[in-house]
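Each ligand, and each atom within it, is numbered from 1 in the order the structure gives. Computed from a predicted model, the values in this text were never measured in an experiment. For this chain, numbers begin at 1 and follow the sequence in order.
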Amino acid sequence: MALLLICPTTAPEPWVNALKGYASDIDVRVWPDDENREEIEFALTWEHPEGVLQQYPNLKCISSMGAGIDHFLTDRRFPSGVPVVRIVDPELIQSMSEYVVAVTLSYFRQFDTYRERQLKRSWRQEPAPRARKICVGIMGLGRLGGDAALKLKALGFRLIGWTRSPKDLEGVETFVGDAQLDNFLSMANILICLLPLTSKTKDILNRNTFLKLPQGAYVINVGRGQHLVEEDLLQALDSGHLAGACLDVFREEPLPPDHPFWSHPKVFVTPHISSITDPVSVAPQVIENYNRARSGASLLYAIELEREY
Ligand code: NAP
């Protein structure tokens with residue numbers, strides 16, 4: 001019996017090494033060079049080709065290689081009835097919090113402005129900004145958003161969050177569902193998207209959303225590229241309504257060389273690096289789920305596909 005990796009857009013070697021390094025006796029195979037497909041019981045995948053999972057009749061579990069499972073939702077021939085799990089990893093969470101804290105502080109402390117002034121040898125001080133006067137709004141207070149909220153709160157910012165169900169995070173005021181979205185947006189000087197990509201959240205960073213933010217708000221998208229309507233962001237930046245944006249994820253990745261985001265003075269681009277799964281860190285979780293799936297035990301971090309996250 002074996003574990004199969006399907007990751008056409010990611011190098012499989014680090015995963016094979018990490019899994020075998022943690023459990024040397026495990027039989028790891030890599031799509032598409034695998035044989036005897038009836039022997040595969042567990043598939044670990046990222047951006048698998050549509051329909052490919054149907055070629056494995058004895059799958060007991062399908063695991064995402066990352067926190068998100070949106071790549072499962074786009075496969076119209078995803079095997080029904082096979083349990084699905086995702087990655088929840090302290091290093092992934094820490095990494096994302098570092099990124100959003102770094103970007104928030106850099107914007108809040110006006111590092112771009114002082115860098116520009118440095119290049120002009122200009123010694124000019126702005127009044128000191130105060131974190132308590134800045135409201136950071138996080139869309140999605142799950143594993144990633146919840147941790148980022150608490151770390152930003154500890155720095156003195158005012159924190160609010162938007163979720164589907166009520167949350168109890170100390171010092172974080174939570175707004176729930178569509179009915180409370182406008183109130184949430186009207187307060188957020190810095191808006192961070194840490195939502196999963198679902199049919200409800202696709203295109204959620206759009207013109208209407210931006211117009212509801214306070215004048216001069218800053219937007220950070222670390223969810224998925226399809227959360228953002230790119231033309232609407234450019235318009236909101238160029239009209240002066242938004243002060244700037246930091247984008248780590250894009251509708252098309254890699255971001256095409258002629259894309260306006262690359263050279264826009266108010267946009268900071270990073271190449272989907274805010275939080276990358278470390279195979280060594282997550283190997284124990286994957287092997288644990290592999291063993292649980294084979295023995296019929298309940299799985300860690302199981303997902304109900306109907307909920308879409
Ligand atoms: P999670 O634990 O499932 O949390 C998702 C949060 O979003 C929950 O608070 C959930 O509300 C909320 N939510 C979902 N649908 C909503 C809706 N329609 N309206 C309002 N709130 C909604 O997910 P996570 O582990 O924090 O990860 C979040 C996302 O980050 C992933 O899905 C992935 O797309 C992205 N990500 C990006 C990177 C990167 O490198 N850029 C890396 C890792 C992950 P409830 O709490 O009420 O359920």
Review point. Among protein heavy atoms, which lies nearest atom 19 (N) of ligand 1, and at what distance?
Key: Trp162 CH2, 3.3 Å
Check your understanding: To which protein heavy atom is atom 44 (C) of ligand 1 closest, and what is the distance rounded to 0.1 Å?
Key -> Leu144 CD1, 3.3 Å
Check your understanding: Which ligand 1 atoms does Gly68 reach within 4.0 Å, using its non-hydrogen atoms?
Key -> 32 (O)
**Study point:** SB check Glu308 Lys200 (cutoff 4.0 Å)
**Key:** no
Exercise for review: Please confirm whether Thr201 comes within less than 3.5 Å of ligand 1 when only nitrogen or oxygen atoms on both sides are compared.
Suggested key: no
Review point. What atoms of ligand 1 come closer than 4.0 angstrom to any heavy atom of Leu194?
Key: 28 (C), 30 (O)
Review point. Is Ile204 linked to Leu191 within one hydrophobic cluster, defined over Ile, Leu, Val, Met, Phe, Trp and Tyr using a side-chain heavy-atom separation of less than 4.5 Å?
Key: yes
Review point. Are any of the side-chain nitrogens in Arg117 or Glu126 under 4.0 Å away from the carboxylate oxygens of its partner?
Key: yes
Revision key, fill the gap. Counting from 1 in the order shown, the ligand 1 atoms closer than 4.0 Å to a non-hydrogen atom of Gly223 are 34 (O), 35 (C), 37 (C)
Review point. Numbering the atoms of ligand 1 from 1, which are under 4.0 Å from a heavy atom of Met96?
Key: 37 (C), 38 (C), 39 (C), 41 (N), 42 (C)
Study note, to complete from the structure: Taking only non-hydrogen atoms of Val249 and a 4.0 Å limit, the atoms of ligand 1 in range are 41 (N)
**Study point:** N-O pairing of Glu288 and Arg292 below 4.0 Å
**Key:** yes
Point to revise | Side chains of Glu231 and Gln235, donor plus acceptor under 3.5 Å | key: no
Practice item. Give the numbers and elements of all ligand 1 atoms closer than 4.0 Å to a heavy atom of Arg224. Key: 33 (C), 34 (O), 35 (C), 36 (N), 37 (C)
Show me, pair by pair, the donor-acceptor contacts under 3.5 angstrom made by side chains of residues 242-258, not counting sequence neighbours?
from   : atom 1 : to     : atom 2 : distance (Å)
Asp248 : OD1    : Thr270 : OG1    : 2.7
Asp248 : OD1    : His272 : N      : 3.0
Asp248 : OD1    : Ile273 : N      : 2.7
Asp248 : OD1    : Ser274 : N      : 3.4
Asp248 : OD2    : Ile273 : N      : 3.3
Asp248 : OD2    : Ser274 : N      : 3.0
Asp248 : OD2    : Ser274 : OG     : 2.6
Arg251 : NH1    : Asp203 : OD1    : 3.1
Arg251 : NH1    : Leu228 : O      : 2.5
Arg251 : NH2    : Asp203 : OD1    : 3.0
Glu253 : OE1    : His272 : ND1    : 2.8
Glu253 : OE2    : Phe250 : N      : 2.8
Glu253 : OE2    : His272 : ND1    : 3.2

Exercise for review: Identify, for atom 29 (C) of ligand 1, the protein heavy atom at the shortest distance, and state residue, atom and that distance.
Suggested key: Leu195 O, 3.6 Å
Review point. Around atom CD of Glu38, are there more than 12 heavy atoms of other residues, nucleotides or ligands at under 6.0 Å?
Key: yes
Practice item. Assess Met139 for proximity to ligand 1: is some non-hydrogen atom of it under 4.0 Å away? Key: no
Check your understanding: Who's the nearest protein heavy-atom neighbour of atom 8 (C) of ligand 1, and how far?
Key -> Gly142 N, 3.8 Å
Check your understanding: To which of Glu308, Arg86, His71 does the heavy atom nearest atom 1 (P) of ligand 1 belong?
Key -> Arg86
**Study point:** Identity and distance of the protein heavy atom lying nearest atom 37 (C) of ligand 1
**Key:** Val222 O, 3.2 Å
Show me the donor-acceptor pairs, under 3.5 Å and distance only, between side chains in residues 2-19 and residues at least two apart or in other chains.
from  : atom 1 : to    : atom 2 : distance (Å)
Thr9  : OG1    : Glu47 : OE1    : 2.7
Asn17 : ND2    : Glu13 : O      : 3.3

Check your understanding: Looking only at distance, does Asp70 have an N or O less than 3.5 Å from an N or O of ligand 1?
Key -> no
Study note, to complete from the structure: Per-atom filter on ligand 1: closer than 4.0 angstrom to a heavy atom of Ser165 are 45 (P), 46 (O), 47 (O)
Check your understanding: Can you list the ligand 1 atoms lying under 4.0 Å from a non-hydrogen atom of His272?
Key -> 39 (C), 40 (O), 41 (N)
Point to revise | Passing candidate, side chain to side chain donor-acceptor pair (under 3.5 Å) with Tyr309, options Arg164, Arg86, Glu304 | key: Arg164
Practice item. Could you label the plane-to-plane angle of the Phe42 and Tyr290 rings as parallel, tilted or perpendicular, counting under 30° as parallel and over 60° as perpendicular? Key: perpendicular
Review point. Judged by modelled atom types alone, do Asn183 and Ser186 share a side-chain donor-acceptor pair under 3.5 Å?
Key: no
**Study point:** Interatomic spacing from OH in Tyr218 to CD1 in Ile192 - rounded to 0.5 Å
**Key:** 10.0 Å
Check your understanding: Closest non-hydrogen protein atom to atom 48 (O) of ligand 1, residue and atom name please, with distance?
Key -> Tyr309 OH, 2.5 Å
Exercise for review: Among all protein heavy atoms, pick the one closest to atom 9 (O) of ligand 1 and tell me residue, atom and distance.
Suggested key: Leu141 N, 3.0 Å
Exercise for review: Measure from atom 46 (O) of ligand 1 to every heavy atom in Arg164, Lys200, Lys167 and give the option owning the shortest one.
Suggested key: Lys167
Exercise for review: Return yes or no for this condition: an N or O of Asp248 is under 3.5 Å from an N or O of ligand 1.
Suggested key: yes
Practice item. Using the ring pair (Phe, Tyr, Trp, His ring centres under 6.0 Å) rule, take Phe157 and Phe108 through it: C-alpha gap first, then chi angles, then the decisive distance, then the call. Key: CA-CA 10 Å; Phe157 292 100; Phe108 162 70; 5.0 Å; yes
Point to revise | Shortest heavy-atom approach to atom 5 (C) of ligand 1 - which of Ser274, Gly140, Pro196, Gly145 | key: Pro196
Point to revise | Nearest neighbour in protein (non-hydrogen) for atom 42 (C) of ligand 1 | key: Ser275 O, 3.3 Å
Review point. Does a donor on one side chain and an acceptor on the other come within less than 3.5 Å for Gln55 and Arg37?
Key: yes
